[in-house]
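All remarks here apply to the structure that follows.
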Amino acid sequence: MLLGELRVSHSGNCEHKHYDAQNIEIKWQKQWAESGIDVPSNDASDQRANYYCLEMFPYPSGNLHMGHVRNYCLGDAVARYKRMQGFNVLHPIGWDAFGLPAENAAIKHKRPPAEWTYANIDQMRGQLKRLGLSYDWSREIATCKPEYYRWEQWMFTKLMEKGLAYQKEAEVNWCDPCHTVLANEQVEDGACWRCDTPVVKKNLKQWFIKITDYAEQLLDDLDQLSGWPEKVVGMQRNWIGKSSGAEVSFSVENSDEVLDIFTTRPDTLMGVTYMAVAAAHPLAVKAAENNTELAVFLKECSTISTKEADVATMEKKGMALGVNAIHPITGEAVPVWVANFVLMGYGTGAVMSVPAHDDRDYDFAKKYNLNIKQVITNAAGDADVSEAAYTDAGVLINSGEFDGLKSGKAKKTITHWLDSHDKGEERIQYRLRDWLVSRQRYWGTPIPVIHCDDCGAVAVPEKDLPVVLPENLQPTGGSSPLAECEAFLNVDCPQCGKAAQREADTFDTFMESSWYMNRYISARSETAMVDAEDMQRWAPVDQYIGGVEHAVLHLLYARFYHKLMRDMGLFDGEKVGSEPFKNLLTQGMVLMDGTKMSKSKGNTVDPSAIIERYGCDTARLFTLFAAPPEKDLEWEDSGVEGAHRFLNRVWRLFEKLNADAVGEDGEKSVKDLRRTIHITIEKVTRAFEHGFAFNVAIAAQMELANALQSFDIQGESGKAAFVEGLQALVTMLSPFVPHFSCECGEVLGFEKDAVMMSWPEVDAAALVQDEIALVVQIQGKKRGEIMVSKDVNQDDALALAKADSAVAKWLEGMAIVKVILVKGRLLNIVVRPA
RNA sequence: GCCCGGAUGGUGAAACUGGUAGACACAAGGGACUUAAAAUCCCUCGAUCAUUACGAUCGUGCCGGUUCGACUCCGGCUCCGGGCACCA
């Protein structure tokens with residue numbers, strides 16, 4: 001062993017019961033920054049496999065909070081482990097720097113949001129560095145910089161060319177306090193996701209991106225995401241909300257108009273007894289023109305739907321329009337009603353009502369005394385609709401030529417009938433709507449469009465990009481200062497040269513965060529959004545880590561954007577793949593007293609205070625040890641103390657090196673210790689490979705530390721085994737507590753910094769034991785333990801078990817029925833009274 | 001209503017493909033060292049019964065099943081958390 005070279009410089013001050021976290025950490029952070037060990041090689045000749053580890057980038061809100069700390073410590077542990085495993089690791093960081101809080105702060109402090117943002121970035125960068133996170137800072141990006149958002153603008157103009165970005169007047173969600181529109185995804189329970197104010201419906205001209213064109217792909221490709229939590233995949237599937245059915249055209253009696261509806265149950269078409277349309281439906285609006293009672297009702301509907309938070313419990317109300325629709329098959333006239341539960345924004349804003357087979361239609365029909373016609377029955381033919389709707393699939397009755405068909409078959413047959421008579425067709429309907437990307441805000445990426453009276457909305461030509469956001473404007477609340485900034489707004493039309501106006505809206509900040517993972521790969525490119533070769537080398541992200549709160553919003557948009565970039569030819573989709581994140585880890589929240597830490601509740605812990613008191617290694621160790629990564633973590637001061645105690649205990653293990661290697665070799669104990677060492681390597685490695693169970697990995701290392709502590713060093717071989725154990729421990733601790741490990745590694749005379757060492761390998765020979773303790777069970781209950789050779793056969797084991805007094809007394813008066821030997825584990829004896 | 005999770009000591013949790021339930025920690029209690037404290041070290045720590053030892057019985061939300069053997073698999077529930085929802 002390398003005992004000869006071992007310089008135990010540590011020994012001189014062994015009265016130091018505590019290690020000096022502050023000095024050690026600063027020392028190593030300086031050293032790492034100088035040696036550039038966190039910068040991956042971008043050299044094609046590098047033989048190592050590449051690995052891209054990414055954590056969700058922070059919004060520069062001012063200070064790091066514990067949620068950040070947890071997120072970044074998890075990512076750092078992964079990145080460091082992979083490096084030690086021999087991967088060439090890309091681990092970048094940056095700032096999601098546009099957004100509303102900067103504007104709010106600007107109003108409060110009467111300084112432009114840029115100042116606040118850049119100051120916060122500086123502050124938080126310092127905090128991240130103090131945590132000793134192994135980022136490649138040379139790739140740092142801030143989304144509010146023109147060199148970043150110019151590519152987003154470029155992309156948007158390309159999407160306009162392709163018809164994937166468009167402007168339209170639409171009923172949108174408006175938040176008054178935030179003074180802007182919101183995407184559907186940003187409305188939670190009818191309220192703004194940021195300020196929790198109920199949103200108002202407004203008709204406004206806005207920019208959209210056609211995410212619905214990608215609905216099917218976004219859904220299909222979910223199957224590729226086996227490395228994602230099922231929960232997140234399910235949430236996305238739910239959000240996209242695919243339903244298959246048919247679109248059916250009803251004609252309107254005494255009119256040229258057509259009433260189109262979507263249904264998932266064309267098999268119940270023959271049971272239609274009335275129609276229901278939304279209050280905003282053209283047919284309803286027209287009918288109300290000379291019906292004041294109806295007009296009043298429509299108005300009531302439009303106000304209620306936005307005010308009422310709990311829409312689901314709202315009373316179902318309706319009113320007849322006095323108009324009839326003609327059934328496409330029977331030609332019968334059925335009344336058209338307006339109903340407050342029909343949504344204008346989904347499907348066609350109209351539904352066919354089959355009260356016999358739909359709960360909601362049933363209630364409505366009962367309330368307003370409308371006909372109920374049963375057209376489906378069960379296998380036994382006795383389904384009853386006198387008390388409630390029969391909503392299951394079944395067999396058709398009262399359906400003329402379709403009688404006797406089963407629901408599944410009937411759906412196809414009826415849809416086909418409609419199609420061939422030009423009265424309908426098969427149809428897939430998604431819940432997902434197009435992504436509303438314009439915001440009436442200042443602190444965001446300017447939308448690269450110029451409005452010309454003659455040419456309309458013209459995309460800013462590539463040569464004129466970026467459209468730079470003036471950073472010196474002062475928001476005062478109310479509308480965006482950009483909308484009043486003449487110097488920004490007044491330009492010539494790029495097409496005709498006439499005086500024109502720039503678009504004053506900016507992009508939703510989710511635009512920036514939708515492609516940053518790919519930008520890191522070519523972070524400094526001035527010639528392209530991403531470099532195709534670099535993309536091939538690094539994308540997709542191997543491991544993405546962040547909060548589950550982004551399960552729909554950010555993760556859906558990023559998946560979408562990746563596909564857009566692929567289809568734009570920015571990289572080879574065959575080689576890079578269609579999904580941006582291969583594996584996803586959604587970490588739990590950091591709680592205090594059972595609730596999420598938040599300033600308003602006053603239950604926060606300042607990371608800087610913890611670092612100052614214990615050092616960042618302790619903070620890192622605690623956040624990783626206290627709970628499995630995906631679970632919520634309850635902050636416990638005593639737990640932090642415990643983590644710190646552990647590090648000091650390891651520190652003190654070095655005192656044992658000072659003892660001279662005297663006495664006889666203890667062959668048995670050396671073998672046992674070496675076995676423990678290699679079992680630990682096995683356990684820790686498995687924990688890393690198996691869902692990043694860092695809590696388990698650390699527990700195993702604590703066990704090893706305990707074994708080393710109680711190990712009685714005897715003889716040269718004893719000392720060698722002890723040193724081997726220390727080396728393994730220090731090496732394996734380094735992804736968690738890198739500074740501490742490096743310092744310990746130096747004491748141990750490592751040839752490299754501990755964080756650059758190779759991950760230890762299991763010595764299979766050390767695991768082998770000649771004698772094992774075999775558990776003896778009677779009827780599956782543990783009754784004793786016997787020492788046997790590792791290869792013991794069943795007969796010998798049974799003989800030894802019978803000879804064991806603890807076991808023997810359970811065998812008295814019993815006949816052995818069956819014996820099961822599980823090699824290396826146990827012997828189970830099945831008996832019955834003799 | 002639909003879709004996902006989850007339920008193990010006082011607490012956070014562990015248990016790889018069914019094989020010694022509670023590793024590792026926190027808290028608590030006791031002890032050693034100390035003039036004292038801090039720090040450190042040692043012991044106890046699922047429940048019940050028993051005891052001079054040895055021990056025994058029960059125990060992973062509830063009920064049932066499969067198995068030599070179930071925290072783990074199957075069927076049926078209960079409760080808790082998360083997501084979606086007058087979605088046609």
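Convention: sequence-line order gives letters A, B, ...; per-chain numbering from 1. As the structure is a prediction and not an experimental result, all values here were calculated from the model.
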Legend entry - Residue among Y274(A), Y362(A), W337(A) satisfying ring pair (Phe, Tyr, Trp, His ring centres under 6.0 Å) with Y368(A): W337(A)
Please give, in whole Å, the distance from [N] [atom2] to [X] [atom1]?
{"X": "R649(A)", "N": "A39(B)", "atom1": "CZ", "atom2": "P", "result": "14 Å"}
{"X": "F364(A)", "N": "C86(B)", "atom1": "CZ", "atom2": "P", "result": "17 Å"}
{"X": "M814(A)", "N": "C68(B)", "atom1": "CE", "atom2": "C1'", "result": "15 Å"}
{"X": "F625(A)", "N": "A23(B)", "atom1": "CZ", "atom2": "P", "result": "12 Å"}
{"X": "D593(A)", "N": "C26(B)", "atom1": "CG", "atom2": "P", "result": "20 Å"}

Sugar-phosphate, base or nothing in reach of [X], heavy atoms under 4.0 Å:
{"X": "V696(A)", "result": "sugar-phosphate"}
{"X": "Q236(A)", "result": "nothing"}
{"X": "E703(A)", "result": "sugar-phosphate"}
{"X": "P229(A)", "result": "nothing"}
{"X": "V354(A)", "result": "nothing"}
{"X": "K782(A)", "result": "base"}
{"X": "N706(A)", "result": "sugar-phosphate"}
{"X": "Q777(A)", "result": "base"}
{"X": "N695(A)", "result": "sugar-phosphate"}
{"X": "G642(A)", "result": "sugar-phosphate"}
{"X": "V830(A)", "result": "sugar-phosphate"}
{"X": "K631(A)", "result": "sugar-phosphate"}
{"X": "E230(A)", "result": "sugar-phosphate"}
{"X": "R645(A)", "result": "sugar-phosphate"}

Legend entry - Any residue meeting side-chain contact (heavy atoms from CB on, under 4.5 Å) with E771(A), in chain and number order, not counting sequence neighbours: M787(A)
Inset, instruction - Give RNA chain B the dot-bracket treatment, 5' to 3': Watson-Crick (N1-N3 with N6-O4 or O6-N4) or G-U (N1-O2, O6-N3) under 3.5 Å, [ ] crossing, | other strand. - result: (((((((..(((......[....))).(((((.......))))).((((.....))))..(((((..]....))))))))))))....
